[in-house]
Amino acid sequence: MTGAANSPHSQQNAEFMAHAIALASQNILSALGGPFGAVVAKDGRVIGEGTNLVTSTNDPTAHAEVTAIRAACAALQTFQLDGCDIYTTCEPCPMCFGAIYWARIRHVYYACVAADAAAAGFSDQHIYREIARRVDERDVQFTQLMRDEALACFQEWNQMANRIVY
């Protein structure tokens, strides 16, 4: 998409964001998870949608963006979402940010900012601080074990002629 269709204020973008917001609102009413919704779109149509399902599935990775990415990948039968856009009700957290980049999504449209989420009790600032710290200074203990043995897996991978690079 180029030009007006890719403008943040286009009618299509507003419809996709309104859809994500409606998903978040429905999610609150159904008590399935937090107040977050996301839609993945490609070529003018929704190919995946998701809501926050953390508490209903006991899965801390079940954020709206991740569930929408999973649905879109399943629909397209691929692990890369080239040419896709994501519409999310809030600026992505560090995990979702990473998932968006790994999925190769081309554009992120978001409604609320991280400070809005923090005001509602969903703050990611501690994660950003932890990422910036040295490994030995983090709140969660990190201990490296058996590096040489694990390096053999990377060497084996690099020698595979039929590996799928991602």
Side-chain angles (χ1 to χ4, degrees), residues 1 5-133 135 137-143 164 166:
M1 274 193 263
N6 206 28
S7 162
H9 301 291
S10 77
Q11 180 63 33
Q12 187 174 65
N13 286 336
E15 290 171 7
F16 289 144
M17 186 59 78
H19 185 75
I21 292 168
L23 289 170
S25 182
Q26 292 166 6
N27 204 50
I28 295 166
L29 295 175
S30 67
L32 291 175
F36 302 95
V39 170
V40 176
K42 183 174 186 174
D43 299 328
R45 65 184 183 90
V46 173
I47 57 167
E49 60 183 47
T51 58
N52 179 290
L53 300 173
V54 170
T55 57
S56 63
T57 62
N58 294 318
D59 179 356
T61 69
H63 288 200
E65 296 91 337
V66 172
T67 60
I69 288 168
R70 289 174 181 163
C73 287
L76 296 178
Q77 298 182 340
T78 184
F79 59 89
Q80 293 183 340
L81 298 175
D82 298 310
C84 293
D85 301 326
I86 191 165
Y87 299 79
T88 179
T89 56
C90 192
E91 184 179 4
C93 75
M95 178 184 66
C96 295
F97 183 91
I100 287 164
Y101 272 80
W102 278 115
R104 310 281 198 289
I105 289 176
R106 112 183 125 179
H107 198 136
V108 177
Y109 295 92
Y110 61 95
C112 296
V113 297
D116 299 324
F122 300 94
S123 179
D124 303 324
Q125 288 308 306
H126 67 287
I127 297 171
Y128 289 109
R129 283 191 302 273
E130 287 291 297
I131 290 169
R133 293 172 123 179
V135 172
E137 295 176 341
R138 293 183 178 152
D139 289 341
V140 174
Q141 188 174 10
F142 282 66
T143 303
I164 299 172
Y166 61 97

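Treat the numbers as computed from the prediction; the structure is a model and nothing was measured.
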Derivation and outcome, side-chain hydrogen bond (donor to acceptor under 3.5 Å, both in side chains), residues Thr61 and Arg70: CA-CA 11 Å; Thr61 69; Arg70 289 174 181 163; 3.1 Å; yes
Steps toward side-chain contact (heavy atoms from CB on, under 4.5 Å) verdict (Ile69, Trp102): CA-CA 10 Å; Ile69 288 168; Trp102 278 115; over 6 Å; no
Asp82/Arg106 salt bridge by N-O under 4.0 Å criterion: no
Selection residues 20-30 - residue pairs positive for side-chain hydrogen bond (donor to acceptor under 3.5 Å, both in side chains), sequence neighbours left out: Asn27-Thr51
Closest heavy-atom pair and its distance - Thr55, Gly33: OG1-CA, 3.7 Å
Aromatic ring pairing Tyr109/Tyr87, orientation class (parallel under 30°, perpendicular over 60°, tilted between): parallel
Under 3.5 Å donor-acceptor, Glu130 side chain and Asp139 backbone: yes
Reported NE2-to-CD1 distance for the pair His107 and Ile105, which is rounded to 0.5 angstrom: 11.5 Å
Atom of Gly50, atom of Leu23 and distance for their closest heavy-atom approach: O-CD1, 4.1 Å
Stepwise side-chain contact (heavy atoms from CB on, under 4.5 Å) test for Val46 and Phe16: CA-CA 8 Å; Val46 173; Phe16 289 144; 3.6 Å; yes
Shortest non-hydrogen contact from Pro92 toward Val108: CG-CG1, 4.2 Å
Within-4.5 Å side-chain heavy-atom neighbours: Thr89 and Cys112: no
Atom OH of Tyr128: over 12 foreign heavy atoms under 6.0 Å: yes
Chi angles and distances behind the side-chain contact (heavy atoms from CB on, under 4.5 Å) call for Leu76, Cys84: CA-CA 11 Å; Leu76 296 178; Cys84 293; 4.2 Å; yes
Backbone N/O of Ala114 and side chain of Glu91: donor-acceptor pair under 3.5 Å: yes
Neighbour count above 12 (heavy atom, 6.0 Å) for Tyr101 OH: no
Atom of Leu53, atom of Thr57 and distance for their closest heavy-atom approach: O-OG1, 2.6 Å
Distance in Å, Asp85 CG paired with Ile47 CD1, rounded so as to fall on 0.5 Å steps: 9.5 Å
Exam field: side chain Thr67 to backbone Ala62, donor-acceptor pair closer than 3.5 Å: no
Validation row: Cys93, Phe122 side chains within 4.5 angstrom (heavy atoms): no
side-chain contact (heavy atoms from CB on, under 4.5 Å) evaluation trace for Phe36 with His63: CA-CA 8 Å; Phe36 302 95; His63 288 200; over 6 Å; no
Heavy-atom closest pair, residues Ile127 and Pro94: CG2-CG, 3.7 Å
Rounded distance (nearest 0.5 Å) linking atom CD of Glu49 with atom CD1 of Ile86: 12.0 Å
Within 6.0 angstrom of Arg133 CZ, more than 12 heavy atoms from elsewhere: yes
Glu137 atom CD, neighbour heavy-atom count above 12 within 6.0 Å: yes
For Cys90 against Glu65, the heavy-atom pair lying closest together: O-OE2, 3.5 Å
